[in-house]
Amino acid sequence: MGIKKINRKAYLNLVETVLFLDFIKGLSVTIRNMIKKPITTQYPKEKLTPPKRFRGAHGHFVWDGTEPDSLKAIEKFMSYEKGKSRCVACYMCQTACPMPSLFRIEAVQLPDGRKKVVRFDMNLLNCLFCGLCVDACPVGCLTMTDIFELANYSRRDEVLNMERLEIHGKDFTARRGEEPDRIWPDDKERERLWGKIEWS
Amino acid sequence: MIIDVIIALGKIAVVLLVGLGLGAYLTWVERKVAGHIQARMGPSVVGPFGLFQPIADGVKLLTKESIIPRGADVPVYYLALILALVPSLLIFSVIPFGPSFTIFGKEIKPIISDVNIGLLIVFAMGSIAVYGTIFAGWASNSKYAFIGSLRKAAVIVSYEVVLGFAVLGVILIAGSLSTVEIVNSQIEKGIWYIVYQPVAFILYLFCMLAESGRVPFDIQEAEAELVTGYNVEYGGMRFGLFPLAEWYLNVVGLSAIAVVLFFGGWSGPNIFGPLSPYIWFLVKTFALVFFTLWLHWTLPRFQAKDITDIAWKILLPIALLNVVVTAFVVYLFS
């Protein structure tokens, strides 16, 4: 039952007027809505899982043996530990960031000549979650997780430091690491939205 | 004599308690219906299915501070409350809930007062109820409230006329103004008067929506323009009283009158045992109440000029025509 578009000059015809057909159309729409299951998500009680590529709070992937072989090349230049951030303090993320004051990254040279990252702060109050820093990261360290509940009681808490970034990264790998990388919740949903893809 | 008084008081107590309880719980029903129509859930947190929501709302409204605005006409400010609630309750005094029955050799009619001018009382109360609205708007010394009450007055003045003429057809066929007599005549003839008077029923529905300030005739509320119209300067339970009276008690009362007039009152197949007539009456009434809510959450609002336009230029001629035709038919065939 389509909805008839009328302007103020176009009146309903006699049958529609006498039998209240437009009323009945409207009423049928609402009663169908009423029978339908509500689409509400009871937010604090139940939470939707965002797709894996969701751009939420940032995280750092850590040295856990899953890193690509190419990263082995920098091992002798970096002071790294297992379970710690892969960051090499290249400042690529800061360069890519549209917001100049978002990152504060510091690194020192250890006596044995290796480089150690001592500070990696992200002020999320300035962040617009564009994901450019993630694209810029040359070592696959910086990432964006599906954590979206970022409210805090003070502005200080909005600044992510290295420990929290590592926690986010480890948590994200543990929960979603196995999932394929995609922006839709699941393949069935994607097919419903955009149809089946035919790869060549 | 004493027994009569006790019976009358008992009936009043039952109707009052049931009426006010229903009025409170209809807020829950309305919010559920509205929610599901908009693909939401409605109240669902307080109690199972949100069933204790009206109680929570009542506690909230009762414990709230209520402020009388500066420059308000205080006696009229309070009089408006009384004039809004009492007529809505008095409508219930002439609604017959079932056939009369005998208990301990005493005949009891499940109606508070079976007067022979029952319908006239309904219309009189409908007309008095508008004073509540007008006084509320006037006494609260606010232009939004006053605009709302003026709009309501315009609507009521137009639709009372149509309502009277719409119901006249049924009265002509039934030959009585008493609500009990109208139902009895429908049961005797074995037919509901909606079959004889479908046009009158549709007119009655329009007037019912207008009288109770429901969409599409809710210009006196008009949340978008007038905040909530005439009751905007009231607070606490005084604020809750107006919707209770107008949106819920009036709708239930007028739906019950519609059932009496057009749907054969308590008549229906005897499938629920001795309580069957009462259950039929309530089922029919609440079907109409649900229809009203359903319309409310479907239709947009008319403009103020359109509402009076419809009443005077379209509905009133149709109602007059309906009355004339009915009178001729009744005169020729009876």
Side-chain angles (χ1 to χ4, degrees), chain A residues 1-51 54 146 148-151 153 183-186 188-195, chain B residues 29-50 53 194 198-210 214-217 287-303 305-306 309-310 313-315 317-319 321-322:
Chain A
M1 220 179 270
I3 291 166
K4 189 174 171 183
K5 282 187 182 145
I6 57 166
N7 54 29
R8 284 195 72 79
K9 284 276 176 280
Y11 294 104
L12 303 168
N13 65 35
L14 191 65
V15 179
E16 284 171 329
T17 313
V18 171
L19 296 179
F20 293 97
L21 283 186
D22 45 339
F23 273 39
I24 293 166
K25 276 178 196 169
L27 290 173
S28 77
V29 169
T30 43
I31 200 74
R32 263 181 285 144
N33 252 323
M34 195 176 163
I35 295 163
K36 210 168 65 180
K37 203 166 158 286
I39 56 172
T40 309
T41 311
Q42 301 270 33
Y43 165 63
K45 276 189 258 167
E46 44 175 343
K47 292 171 186 172
L48 296 176
T49 310
F54 186 79
D146 59 355
F148 56 87
E149 288 158 321
L150 298 171
Y153 286 103
I183 62 168
W184 48 85
D186 54 52
K188 213 183 277 176
E189 176 79 6
R190 194 204 65 76
E191 270 178 30
R192 194 179 65 78
L193 289 174
W194 296 297
Chain B
V29 171
E30 163 137 40
R31 287 171 66 180
K32 270 290 187 198
V33 168
H36 280 273
I37 276 177
Q38 296 165 358
R40 296 185 284 111
M41 314 264 294
S44 60
V45 177
V46 193
F49 306 107
Q53 188 68 44
I194 189 172
V199 179
F201 175 64
I202 289 171
L203 295 175
Y204 185 93
L205 264 184
F206 271 91
C207 300
M208 188 172 106
L209 295 173
R214 284 275 176 187
V215 168
F217 303 117
L288 259 181
V289 171
F290 172 74
F291 185 70
T292 313
L293 299 185
W294 183 13
L295 273 177
H296 187 129
W297 294 101
T298 302
L299 298 176
R301 183 185 305 131
F302 279 122
Q303 287 180 6
K305 68 177 170 60
D306 284 347
D309 206 66
I310 290 168
K313 290 188 185 162
I314 299 169
L315 296 186
I318 293 174
L321 202 67
N322 185 47

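Quick caveat, the model's predicted, so the values are computed rather than measured.
- To the nearest 0.5 Å, the span separating NE2 on B/His36 from OG1 on A/Thr40 amounts to 8.0 Å.
- Note that the CH2 atom of B/Trp294 and the CE atom of A/Met34 stand 9.0 Å from one another [nearest 0.5 Å].
- Proximity to chain A (any heavy atom under 4.5 Å) is shown, for B/Ile37, by both the backbone and the side chain.
- The CG atom of B/Leu293 lies 11.5 Å from the OG1 atom of A/Thr30; values are rounded to the nearest 0.5 Å.
- Interface remark: B/Leu295 contributes backbone and side-chain atoms alike to the contact with chain A (heavy atom separation under 4.5 Å).
- A distance of 9.5 Å separates OG1 in A/Thr41 from CE in B/Met41, rounded to the nearest 0.5 Å.
- Contact annotation for A/Ile35: neither backbone nor side-chain heavy atoms come within less than 4.5 Å of a heavy atom of chain B.
- The neighbour count for A/Ile39 CD1, taken as heavy atoms of other residues, nucleotides or ligands under 6.0 Å away, does not exceed 12.
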Assess the residue pair B/Phe291 and A/Phe23 against the criterion (ring-ring contact (aromatic ring centres under 6.0 Å, His included)); give the C-alpha distance rounded to whole Å, side-chain angles, the decisive distance to 0.1 Å, and a yes or no.
CA-CA 12 Å; B/Phe291 185 70; A/Phe23 273 39; 9.2 Å; no
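- A/Asp22 CG to B/Leu299 CG: the interatomic distance, rounded to the nearest 0.5 Å, is 9.0 Å.
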